Amino acid sequence: MKVIGSGFGRTGTLSLQAALQQLGFGPCYHMVEVIKHRGHAKTWLSVARGESPDWRALFQKFQATVDFPACVYYAELLREFPQAKVVHSVRDKAEWYRSSHETIFQSRTVFPRWLRRASGLIDGLLEMTERIVWNGVFEGRFEDAGRAQQIFEEHTARVRATVPAERLLVFDVREGWPPLCRFLGVAIPDTPFPNVNDRASMLRALAVLRFVTRAIPWLAAALVAGLLLAFV
């Protein structure tokens with residue numbers, strides 16, 4: 001592990017992931033990896049329930065990590081990988097809260113109860129994020145905008161106090177390549193800094209997901225009815 005991302009989700013972490021990978025620090029771990037790999041989801045659920053993971057086994061194929069849930073454990077990761085550098089992604093706290101509330105917080109309600117019961121993976125992911133993020137980091141008070149933004153700022157203050165200054169970059173993705181490349185000691189690419197997963201695209205994705213999950217029971221019922229009629 002060469003780079004540890006300590007910034008919360010919705011601080012440009014997917015863009016930062018793409019940037020780190022372009023700079024040669026890939027693969028870079030992100031929440032999407034938890035979703036893609038059932039084994040990782042199980043490991044994070046055990047972490048959420050209070051067990052101690054084998055960090056090196058979990059990240060053996062990765063050179064960097066960003067986003068939830070790993071950002072919550074940046075201090076533990078820094079102890080496990082003492083030569084790593086820390087990139088702490090930030091943005092305006094009000095913009096961050098608005099974006100988070102409209103997107104990742106709403107994703108908690110996208111999956112209907114029947115689908116959660118049918119899919120152990122979905123249920124486990126939702127339990128993990130509830131335990132680590134919404135009820136853990138945010139104390140079950142994320143809908144209290146003032147407290148959530150205060151926690152956001154406290155997290156940055158804690159990172160600054162924990163990570164040695166020479167190994168820490170507090171970074172807004174709008175700054176682009178120069179500060180990130182200087183910090184990591186690599187050349188600046190001649191391509192634009194990545195801009196991935198903006199709020200508008202995620203809102204569109206959530207809308208599609210809501211439509212699909214609501215439509216599935218109707219589609220299943222129509223299929224069953226069609227089969228019954230075919231044999232009448």
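Just so it is clear, the values below take in all heavy atoms, side chains as well, and ignore hydrogens, waters and symmetry mates. Position 1 is the first residue of the sequence; numbering continues from there. Just so we're clear, the structure is a prediction, and the values are computed from it rather than from any experiment.
- Heavy atoms only, all atoms of each residue included: Ala70 and Leu77 are closest at O-CD1, 3.9 Å.
- Using a 4.0 Å cut-off between charged side-chain N and carboxylate O, Glu102 and Arg98 make no salt bridge.
- Both Phe183 and Val3 sit in one connected hydrophobic cluster of ILVMFWY residues. Membership requires side-chain heavy atoms under 4.5 Å apart, directly or through other members.
- A donor-acceptor distance shorter than 3.5 angstrom exists from the side chain of Tyr97 to the backbone of Phe142, with no hydrogens or angles considered.
- Here the CH2-OG1 distance, from Trp96 to Thr11, works out to 9.5 Å after rounding to the nearest 0.5 Å.
- Of all heavy-atom pairs between Phe25 and Ala64, the closest is O-CB, 3.5 Å.
- Arg167 places a side-chain N or O within 3.5 Å of a backbone atom of Ala84 that can act as its donor or acceptor partner.
- Side-chain atoms of Ser15 come within 3.5 Å of backbone atoms of Val196 as a donor-acceptor pair (strictly under, hydrogens ignored).
- No donor-acceptor pair closer than 3.5 Å links the side chain of His37 to the backbone N or O of Gly39.
- Tyr73 and Val163 fall within the same hydrophobic cluster, defined by Ile, Leu, Val, Met, Phe, Trp and Tyr side-chain heavy atoms under 4.5 Å apart, directly or through other members.
- Residue Leu78 is grouped with residue Val170 when hydrophobic side chains (ILVMFWY) are merged at heavy-atom distances under 4.5 angstrom, including chains of intermediate members.
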Working for side chain to side chain contact (heavy atoms under 4.5 Å, CB included), residues Asp67 and Gln17 | CA-CA 9 Å; Asp67 201 72; Gln17 180 199 36; over 6 Å; no

Test Thr129 against Phe68 for side chain to side chain contact (heavy atoms under 4.5 Å, CB included), laying out the working first.
-> CA-CA 8 Å; Thr129 54; Phe68 292 123; over 6 Å; no

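- Residues Pro178 and Ile188 approach most closely at CA-CD1, 3.9 Å, considering heavy atoms.
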Given the rule in the side chain to side chain contact (heavy atoms under 4.5 Å, CB included) test, do Leu180 and Leu23 qualify, once you have shown the distances and angles that lead to the verdict?
-> CA-CA 10 Å; Leu180 183 63; Leu23 293 174; 3.9 Å; yes

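- The minimum heavy-atom distance between Gly26 and Gln63, with the atom names listed, is O-NE2, 2.7 Å.
- The distance from atom OH of Tyr29 to atom CG of Leu20, rounded to the nearest 0.5 Å, is 16.0 Å.
- Taking NZ from Lys93 and OG from Ser100, the interatomic distance works out to 14.0 Å, rounded to the nearest 0.5 Å.
- A distance of 11.5 Å separates NE2 in His40 from CE in Met128, rounded to the nearest 0.5 Å.
- Using modelled atom types, one side-chain atom of Gln21 and one backbone atom of Cys28 make a donor-acceptor pair closer than 3.5 Å.
- Across all their heavy atoms, Leu125 and Ala41 have their closest contact at CD2-CB, 4.0 Å.
- One N or O on the side chain of Arg91 and one on the backbone of Arg10 form a donor-acceptor pair closer than 3.5 Å.
- Within 6.0 Å of atom CD in Gln83, 12 or fewer heavy atoms from other residues, nucleotides or ligands are found, so the atom counts as exposed in its surroundings.
- Using modelled atom types, one side-chain atom of Thr103 and one backbone atom of Ser99 make a donor-acceptor pair closer than 3.5 Å.
- Between the CD1 atom in Ile132 and the CG atom in Leu45 there is a gap of 8.0 Å [rounded to 0.5 Å].
- In this structure, Phe138 has its ring center closer than 6.0 angstrom to the ring center of Phe8.
- Side-chain N or O atoms of Thr162 include none that pairs as donor or acceptor with a backbone N or O of Val159 at under 3.5 Å.
- No salt bridge links Arg147 with Asp144; every basic N to acidic carboxylate O contact stays at or beyond 4.0 Å.
- Thr13 contributes no side-chain N or O that, together with a main-chain N or O of Gly9, makes up a donor-acceptor pair within less than 3.5 Å.
- Grouping the Ile, Leu, Val, Met, Phe, Trp and Tyr side chains by contacts below 4.5 angstrom, directly or via other members, places Leu169 with Val66.
- Each of Val34 and Leu16 belongs to its own hydrophobic cluster when Ile, Leu, Val, Met, Phe, Trp and Tyr are linked at side-chain heavy-atom distances under 4.5 angstrom.
- When all heavy atoms of Trp44 and Pro69 are compared, the pair lying nearest together is CD2-CG, 3.4 Å.
- Atoms CD and OG1, on Gln22 and Thr191 in that order, are 3.5 Å from each other to the nearest 0.5 Å.
- Between the side chains of Tyr74 and His88, no donor-acceptor pair is found at a separation under 3.5 Å.
- The closest donor-acceptor contact from the side chain of His155 to the backbone of Val72 lies at 3.5 Å or more, if one exists at all.
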Using a 3.5 Å cut-off and no angle test, enumerate the donor-acceptor pairs between side-chain atoms of residues 55-62 and protein atoms at least two apart in sequence or in another chain.
{"from": "Arg56", "atom 1": "NE", "to": "Glu80", "atom 2": "OE2", "distance (Å)": "2.9"}
{"from": "Arg56", "atom 1": "NH2", "to": "Glu80", "atom 2": "O", "distance (Å)": "2.7"}

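- Residues in residues 18-35 take part in these salt bridge (Lys or Arg N to Asp or Glu O under 4.0 Å) pairs, two or more places apart or across chains: Glu33-Lys36.
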